[in-house]
Every structure is written in C-alpha cells, then in structure tokens.
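Note sheet for the following structure.
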Amino acid sequence: MRGRKGSSRLSGFLFFERVVAVRKDASDVVDSIIPLARIYQQNFLDRHMILDFGGVSLDMCWRKRHFMHLCGLDCTVPQRMYRSGGRVVKSEVFFDALLDGRTKELKPVHGHNVGITRDKLSVLPRLLESPDGIGDGRISLA
C-alpha cells in the first residue's frame with residue numbers, strides 16, 4: 001500500500017468503475033435472441049459437425065451451455081435457478097428460460113462490451129442459417 005493518499009486504491013477503483021460500465025445491462029437484446037434460441041434448438045442443439053476452412057478443421061459440438069457465449073452475453077440468475085446439485089448451470093438456465101418465456105428473472109449483461117455483443121449478434125443469425133443436411137457430418141467452407 002502506498003502512502004496515505006490512496007493513489008493505488010483510486011486507480012483500482014477507477015478501473016473497477018470502467019469495467020462495471022462496460023458490463024452494463026443487456027436486457028434490450030433478450031427479445032431479439034429468443035428466435036435465435038429456437039433456431040439453435042431446432043437445428044443445432046446436441047449435434048456435432050466438423051467445419052473445414054481450407055484444410056483447417058474446427059470440431060463443433062452445439063450444446064445449451066454454448067448459446068449464451070455465442071450471443072456475447074453473461075447472465076445473473078436467481079440463486080435458486082443457478083445450480084443443479086453442486087453444478088453451476090447458469091448458461092443452461094439462460095437458454096431454457098429463453099425458450100420457456102421466463103426471461104423476466106434473468107439479468108443479462110454484455111459479456112465483454114456492447115460492441116462485441118452487437119458483433120456476435122450480427123453474425124449469429126448467419127451462422128444459424130443451416131445448410132440442408134446439417135447434423136453429424138463434415139462441411140467444407142471456402
């Protein structure tokens with residue numbers, strides 16, 4: 001700890017204040033991602049595919065717990081909804097709540113910042129435009 005003026009505390013406080021400002025409420029995007037969650041559930045959930053990008057392969061497993069990250073969000077949920085047994089299930093609860101219309105209790109925030117959330121949400125609908133025959137298989141992308 002430096003001096004009595006607390007200059008190290010002040011800089012830490014300002015950093016914390018900026019982080020909190022960046023991770024602000026994202027409730028305004030919930031309505032726009034509900035249709036994406038439905039598409040994800042119908043066409044992708046629990047499927048596996050290998051995407052080939054000109055010789056570089058990416059193994060994709062589409063799980064409930066991945067959807068919130070794909071949206072660029074984090075979420076605070078009530079404690080009673082937060083755990084299943086001893087396991088944290090926040091992202092699964094978030095996905096199920098979107099599908100079941102129970103979004104009032106969720107408190108989504110931007111996972112990184114508003115810009116990254118917007119970028120992810122602009123790409124996600126295109127990602128979810130599934131080609132015919134998607135499922136367990138290999139898709140080559142040029």
Side-chain angles (χ1 to χ4, degrees), residues 1-2 5-142:
M1 189 167 168
R2 290 189 270 168
K5 293 185 179 181
S7 60
S8 63
R9 282 192 214 153
L10 181 59
S11 62
F13 177 74
L14 291 174
F15 173 75
F16 176 74
E17 194 172 42
R18 284 188 197 126
V19 171
V20 169
V22 167
R23 293 180 57 92
K24 68 179 193 172
D25 179 65
S27 299
D28 58 321
V29 300
V30 170
D31 289 339
S32 67
I33 63 175
I34 291 171
L36 298 175
R38 290 189 180 121
I39 292 168
Y40 188 88
Q41 179 189 37
Q42 292 167 357
N43 298 308
F44 291 88
L45 191 59
D46 295 326
R47 292 190 176 176
H48 171 80
M49 73 177 72
I50 297 174
L51 300 175
D52 184 65
F53 295 93
V56 176
S57 296
L58 179 63
D59 189 3
M60 299 290 296
C61 294
W62 305 92
R63 304 282 186 241
K64 279 184 189 182
R65 68 180 179 265
H66 301 151
F67 185 77
M68 187 168 64
H69 169 74
L70 289 172
C71 295
L73 299 174
D74 195 2
C75 188
T76 305
V77 294
Q79 187 66 28
R80 68 180 171 11
M81 296 172 66
Y82 193 82
R83 297 184 178 274
S84 176
R87 202 181 107 198
V88 175
V89 293
K90 161 169 76 167
S91 53
E92 288 96 338
V93 167
F94 177 78
F95 185 76
D96 289 339
L98 289 172
L99 296 174
D100 297 340
R102 295 180 293 119
T103 59
K104 298 288 184 230
E105 295 183 58
L106 302 177
K107 296 172 187 71
V109 295
H110 298 285
H112 301 281
N113 62 49
V114 177
I116 290 175
T117 301
R118 285 188 189 131
D119 288 347
K120 284 188 170 194
L121 290 179
S122 71
V123 171
L124 190 58
R126 286 183 270 163
L127 177 67
L128 297 181
E129 291 173 0
S130 65
D132 291 335
I134 219 168
D136 292 339
R138 187 172 195 92
I139 298 172
S140 293
L141 304 171

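Computed from a predicted model, the values in this text were never measured in an experiment. Throughout, residue positions are numbered sequentially from 1 according to the sequence presented.
- Every side-chain hydrogen bond (donor to acceptor under 3.5 Å, both in side chains) that D96 has, sequence neighbours left out, goes to K64.
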inquiry  = Test side-chain contact (heavy atoms from CB on, under 4.5 Å) on Q41 and F95; report intermediate values, then the result.
reply    = CA-CA 9 Å; Q41 179 189 37; F95 185 76; 4.0 Å; yes
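- Screening residues 109-123 for salt bridge (Lys or Arg N to Asp or Glu O under 4.0 Å) gives no qualifying pairs among residues at least two apart or on separate chains.
- Heavy atoms only, all atoms of each residue included: R63 and Y40 are closest at O-OH, 2.7 Å.
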inquiry  = Between I50 and M60, is the side-chain contact (heavy atoms from CB on, under 4.5 Å) condition met? List the steps.
reply    = CA-CA 6 Å; I50 297 174; M60 299 290 296; over 6 Å; no
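- In this view, D31 satisfies the salt bridge (Lys or Arg N to Asp or Glu O under 4.0 Å) rule with no residue, not counting sequence neighbours.
- By the side-chain contact (heavy atoms from CB on, under 4.5 Å) test, S27 pairs with D25, P108, sequence neighbours left out.
- One distance of note links CG of D74 with NE2 of H69; it measures 11.5 Å at 0.5 Å rounding.
- In this view, T117 and H110 satisfy the side-chain hydrogen bond (donor to acceptor under 3.5 Å, both in side chains) rule, not counting sequence neighbours.
- Among residues two or more places apart in sequence or in another chain, the side-chain contact (heavy atoms from CB on, under 4.5 Å) test is passed with I39 by N43, L128.
- In terms of heavy-atom proximity, H66 sits nearest to C61 at ND1-O, 3.0 Å.
- In this structure the side chain of L36 reaches within 4.5 angstrom of the side chain of F67, judged on heavy atoms.
- Note: L121 CG to L70 CG = 10.0 Å, rounded to the nearest 0.5 Å.
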task = In sequence, state the C-alpha distance, the side-chain angles, and the governing distance for L73 and I33, and then conclude on side-chain contact (heavy atoms from CB on, under 4.5 Å).
result = CA-CA 11 Å; L73 299 174; I33 63 175; 3.7 Å; yes
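- The SG atom of C75 lies 8.5 Å from the CG atom of L98; values are rounded to the nearest 0.5 Å.
- The backbone N or O of I34 lies less than 3.5 Å from no partner atom in the side chain of R38, so there is not a single donor-acceptor pair.
- To the nearest 0.5 Å, atom NZ of residue K90 and atom CG of residue L106 are 11.5 Å apart.
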